[in-house]
J.: 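Okay, handing you the structure first.
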Amino acid sequence: MARHFLEIDDLTPDELTAVLDLAEAPDLALSLHRRGVALLFEKPSARTRNSMEVATVELGGHPVYVRPEEVGLDTRESVEDVTRTLMGYHAVIAARVFEHAKLERMASVSTVPVVNLLSDDAHPIQVLADLLTIRQELGRLDGVTVAYIGDANNVARSLAIALAMSGGTLRVAHPDGYSFNEAAFAKLDAAGVAVEMGADPHAAAKGADVVYTDAWYSMGQEAEMEQRRRDFAGFGVDASVMAEASPDAIFLHCLPAHRGDEASDDVLDGPQSRIWPQAHNRLHSSRGLLAFLTGVAW
Ligand code: CP
Ligand code: NVA
């Protein structure tokens, strides 16, 4: 049975630590030597595509970028039949999709690992890099408090689960109407993850070790942009929010940033910001994940 990675708790807590350790390991075995990795994107990407391509090459493999219109998921051919085709050529099938259910359908037929590169519900490969960055910057994950200011979206859900698995806590401050959706609350409940929810960014940031934010409008929500910008007014991370956090706190953002909306330039570019190590860690954490999924670690 192939191991899939659709949400961060598809790993056990020990396996999560093992992936972070692999991310930092020098000279990994070339577990993808002369093997393919399919990278299918229904949405745009800068970090995810590039880091996955290079991570694949670093493990000796060959990445193949697949545009949705060429395979036509559920239009030219069913999701299941596309998966059955790709798994004959590739050691891993990785996909960025709108509907999370498409990944579940891929995983249900695939004999090779299916990796979530972001869905409307979850972004687990991002939070691997987030945990790696926090561990490197603060020297620990256990007991870490992360204040997440903004939309309780796919990134927030995966981050909440990842932190709970590592002994940390997520506090969310969101405007009215932008809490986790029902499916996310059901997932968090099922995973036994407690999240502190609130509506005051300053209160959420108080004493936090990490302040984190993401876009107010995710990919696919562009039509709601103006409404959301109005609704999220007052939820931008600025110097006054950072001043509430621990003096040693770091600022993270999964990127892309909408400068002046969810975070001000002085925070994004300021001394507490670690957004570039975080972005660059996408390569190392993805290499660690691929090594874990294609090696003999389990
Ligand atoms: N953070 C992230 O997933 O970035 P991309 O959308 O550029 O891949
Ligand atoms: N929540 C954002 C994350 C982008 C990396 C989105 O889904 O577009």
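Both counts, for ligands and for their atoms, begin at 1 and track the order of listing. Quick caveat: nothing in here was measured; it's all calculated off a predicted structure.
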J.: Quick check: are there more than 12 heavy atoms from other residues, nucleotides or ligands sitting under 6.0 Å from CG of Asp176?
T.: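 Open.
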J.: Which heavy atom of Ser286 sits nearest a heavy atom of Ser51, and at what distance?
T.: OG-OG, 4.3 Å
J.: Taking only heavy atoms of Cys254, which atoms of ligand 1 are found under 4.0 Å from at least one of them?
T.: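 Near Cys254, the atoms of ligand 1 are 1 (N).
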J.: Any nitrogen or oxygen of Pro256, main chain or side chain, under 3.5 Å from a nitrogen or oxygen of ligand 1?
T.: no
J.: Below 3.5 Å, N or O to N or O, backbone or side chain included: is there any such pair between Arg96 and ligand 1?
T.: yes
J.: Could an N or O of ligand 2 be found under 3.5 Å from any N or O of Cys254, whether backbone or side chain?
T.: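 N/O-N/O distance below 3.5 Å does not exist for this pair.
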J.: Find all atoms of ligand 1 within a distance of less than 4.0 Å from any non-hydrogen atom belonging to Arg282, and give their numbers and elements.
T.: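 It comes down to these atoms of ligand 1: 1 (N), 2 (C), 3 (O).
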J.: Check the side chains of His253 and Glu262 for a donor-acceptor pair under 3.5 angstrom, ignoring hydrogens and angles.
T.: yes
J.: Name the closest protein heavy atom to atom 5 (C) of ligand 2, giving the residue it belongs to and the distance to 0.1 Å.
T.: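 Scanning the protein heavy atoms, the shortest distance from atom 5 (C) of ligand 2 goes to Leu255 O, 3.5 Å.
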J.: For Met219 and ligand 1, does the shortest N/O to N/O distance drop below 3.5 Å?
T.: no
J.: Within ligand 1, which atoms have a heavy atom of Ala46 less than 4.0 Å away?
T.: 5 (P), 7 (O), 8 (O)
J.: I'd like to check which ligand 2 atoms, numbered from 1 as shown, lie under 4.0 Å from a non-hydrogen atom of Ser218.
T.: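 So the atoms of ligand 2 that pass are 1 (N), 2 (C), 6 (C), 7 (O), 8 (O).
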J.: Name the one of Met219, Met52, Glu42 that satisfies side-chain contact (heavy atoms from CB on, under 4.5 Å) with Arg96?
T.: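 Single pass found, and it is Met219.
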J.: Applying a 4.0 Å heavy-atom criterion (strictly less than), which segment of Gln126 is in contact with ligand 1: side chain, backbone, both, or neither?
T.: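 Side chain only.
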J.: Tell me the contacting part of Asp120 for ligand 2: side chain, backbone, both, or neither, using a 4.0 Å heavy-atom threshold, strictly below.
T.: neither
J.: Taking the ring of Phe180 and the ring of His174, is the distance between their centroids below 6.0 Å?
T.: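 Ring centroids of His174 and Phe180 are no less than 6.0 Å from each other.
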J.: Determine, for Phe41 and Arg49, whether the Lys NZ or Arg CZ falls below 6.0 Å from the six-membered ring centre while staying within 45 degrees of the axis.
T.: no
J.: Suppose we measure from atom 8 (O) of ligand 2 to each protein heavy atom; which comes out shortest, and what is that distance?
T.: Met219 N, 2.7 Å
J.: I need the atoms of ligand 2 closer than 4.0 Å to a non-hydrogen atom of Asp214, numbered in the order shown.
T.: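 Result: 1 (N), 2 (C), 3 (C).
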J.: Near Tyr65 OH, under 6.0 Å, is it more than 12 heavy atoms from other residues, nucleotides or ligands?
T.: yes
J.: Looking only at the side chains, is there a donor atom on one of Thr145 and Arg171 sitting less than 3.5 Å from an acceptor on the other?
T.: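 Distance-only check fails for Thr145 and Arg171.
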J.: Does the side chain of Asn154 come under 3.5 Å of the side chain of Gln126 through a donor N or O and an acceptor N or O?
T.: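 On atom types as modelled, these side chains do not qualify, holding no pair under 3.5 Å.
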J.: Would you kindly specify which portion of His123 sits under 4.0 Å from ligand 1, judged on non-hydrogen atoms: side chain, backbone, both or neither?
T.: side chain
J.: Who's the nearest protein heavy-atom neighbour of atom 4 (O) of ligand 1, and how far?
T.: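 Heavy-atom neighbour on the protein nearest atom 4 (O) of ligand 1: Arg47 NE, 2.9 Å.
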J.: Decide whether the shortest distance between a heavy atom of Leu255 and an atom of ligand 1 is less than 4.0 Å.
T.: yes
J.: Is Arg76 atom CZ crowded by more than 12 heavy atoms from other residues, nucleotides or ligands, each under 6.0 Å away?
T.: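 No, because the 6.0 Å sphere around CZ of Arg76 holds 12 heavy atoms or fewer from other groups.
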J.: Indicate yes or no: does an N/O atom of Asn154 lie under 3.5 Å from an N/O atom of ligand 2?
T.: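 Min N/O separation from ligand 2 is below 3.5 Å for Asn154.
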J.: Could you go through the side chain to side chain donor-acceptor pair (under 3.5 Å) check for Glu7 and Asn116 one step at a time?
T.: CA-CA 7 Å; Glu7 180 51 293; Asn116 181 0; over 6 Å; no
